[in-house]
Engineer: 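Below is the structure I would like to discuss, written out as structure tokens.
If you're wondering where the values come from, they're calculated on a predicted model, not measured in any experiment. Starting from 1, each residue takes its place in the sequence as its number.
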Amino acid sequence: MRSSRRVLAFKVAYAILAANFILPSIVYAVAPDQALESFTRLGGALGGGPYPWTEESRFWHVLGVGNVATLGFCCVLLLVDLERFYPVLFPLVFLKGCSVVGFLAAWVASRYPAFLAASLFDLATCAAFVYFARGARRAA
């Protein structure tokens, strides 16, 4: 019974994680200003002043959409067949881990609080990737 709960927890968590990346990647693709607006609202709610940089580059926009879509795709692969695609967990955690480091570096450079929040949230996401996938794999 305990092993089936771990597998169910993995499936629920990874379905949520996949949606957490796939849906925003669509929004980022079609309404990039909305994503920045949400981020700056978070920064304001956490006591930050004005957003410290301009965000007018389509080059980085395209790369960001690809990054987030890839995270969603990796989650779907693991959800579809955890054993077969288990090695995908490593680039998944690496890709999101790069965001942890990048947001932390942006926070150090600017002290804009949304960057620290994003870094901590992404760190928790990396932990969730590993926790749920490893637990379900052991239980299977």
Engineer: Distance from Cys75 atom SG to Asn20 atom CG, nearest 0.5 Å?
Structural biologist: 8.5 Å

Engineer: Do Cys126 and Val130 have side chains that get closer than 4.5 Å, going by heavy atoms?
Structural biologist: no

Engineer: Let me check something: do Phe21 and Tyr131 share a hydrophobic cluster, defined by ILVMFWY side-chain heavy atoms less than 4.5 Å apart, either directly or through other members?
Structural biologist: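 The answer is yes; both residues are in one hydrophobic cluster.
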
Engineer: Check side-chain hydrogen bond (donor to acceptor under 3.5 Å, both in side chains) between Thr40 and all other residues, then give those that pass, not counting sequence neighbours.
Structural biologist: none

Engineer: Closest approach of Ser25 and Ala69, non-hydrogen atoms and distance?
Structural biologist: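 The pair with the smallest heavy-atom distance is CB-N, 3.7 Å.
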
Engineer: Name every donor-acceptor pair, under 3.5 Å, that has one atom in a side chain of residues 76-92 and the other anywhere in the protein, sequence neighbours excluded.
Structural biologist:
residue: Asp81; atom: OD1; partner: Glu83; partner atom: N; Å: 3.4
residue: Asp81; atom: OD1; partner: Arg84; partner atom: N; Å: 3.1
residue: Glu83; atom: OE1; partner: Arg137; partner atom: NE; Å: 3.3
residue: Glu83; atom: OE2; partner: Arg137; partner atom: NH2; Å: 3.1

Engineer: If two hydrophobic side chains count as joined below 4.5 Å and joins carry through other members, does Val101 share a cluster with Leu123?
Structural biologist: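 Not linked; separate clusters.
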
Engineer: What are the two closest non-hydrogen atoms of Ile22 and Gly72, and how far apart are they?
Structural biologist: CG1-CA, 3.8 Å

Engineer: Got a donor-acceptor contact below 3.5 angstrom from the His61 side chain to the Glu55 backbone?
Structural biologist: no

Engineer: Would Leu8 and Ile16 show up in the same hydrophobic cluster when neighbours are defined by side-chain heavy atoms closer than 4.5 Å?
Structural biologist: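 Cluster IDs for Leu8 and Ile16 match.
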
Engineer: Is there a path of hydrophobic side-chain contacts, each under 4.5 Å between heavy atoms of I, L, V, M, F, W or Y residues, that connects Leu71 with Phe10?
Structural biologist: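 Yes, Leu71 and Phe10 fall within the same hydrophobic cluster.
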
Engineer: Would a hydrophobic clustering, with Ile, Leu, Val, Met, Phe, Trp and Tyr connected at side-chain separations under 4.5 Å, put Val100 with Val93?
Structural biologist: no

Engineer: Does Leu116 sit in a hydrophobic cluster with other residues, and if so which ones, taking ILVMFWY side chains as linked at heavy-atom separations under 4.5 Å, directly or through other members?
Structural biologist: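 Taking Ile, Leu, Val, Met, Phe, Trp and Tyr as members, Leu116 shares its hydrophobic cluster with Leu36, Phe39, Tyr51, Trp53, Phe103, Leu104, Trp107, Val108, Tyr112, Phe115, Leu120.
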
Engineer: Identify the heavy atoms of Ala19 and Pro24 that sit nearest to each other, and give their distance.
Structural biologist: O-CD, 3.4 Å

Engineer: Identify the two heavy atoms, one from Ser110 and one from Pro52, that lie closest to each other, and give their separation to 0.1 Å.
Structural biologist: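 For Ser110 and Pro52, the tightest heavy-atom pair comes out as CB-CG, 3.7 Å.
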
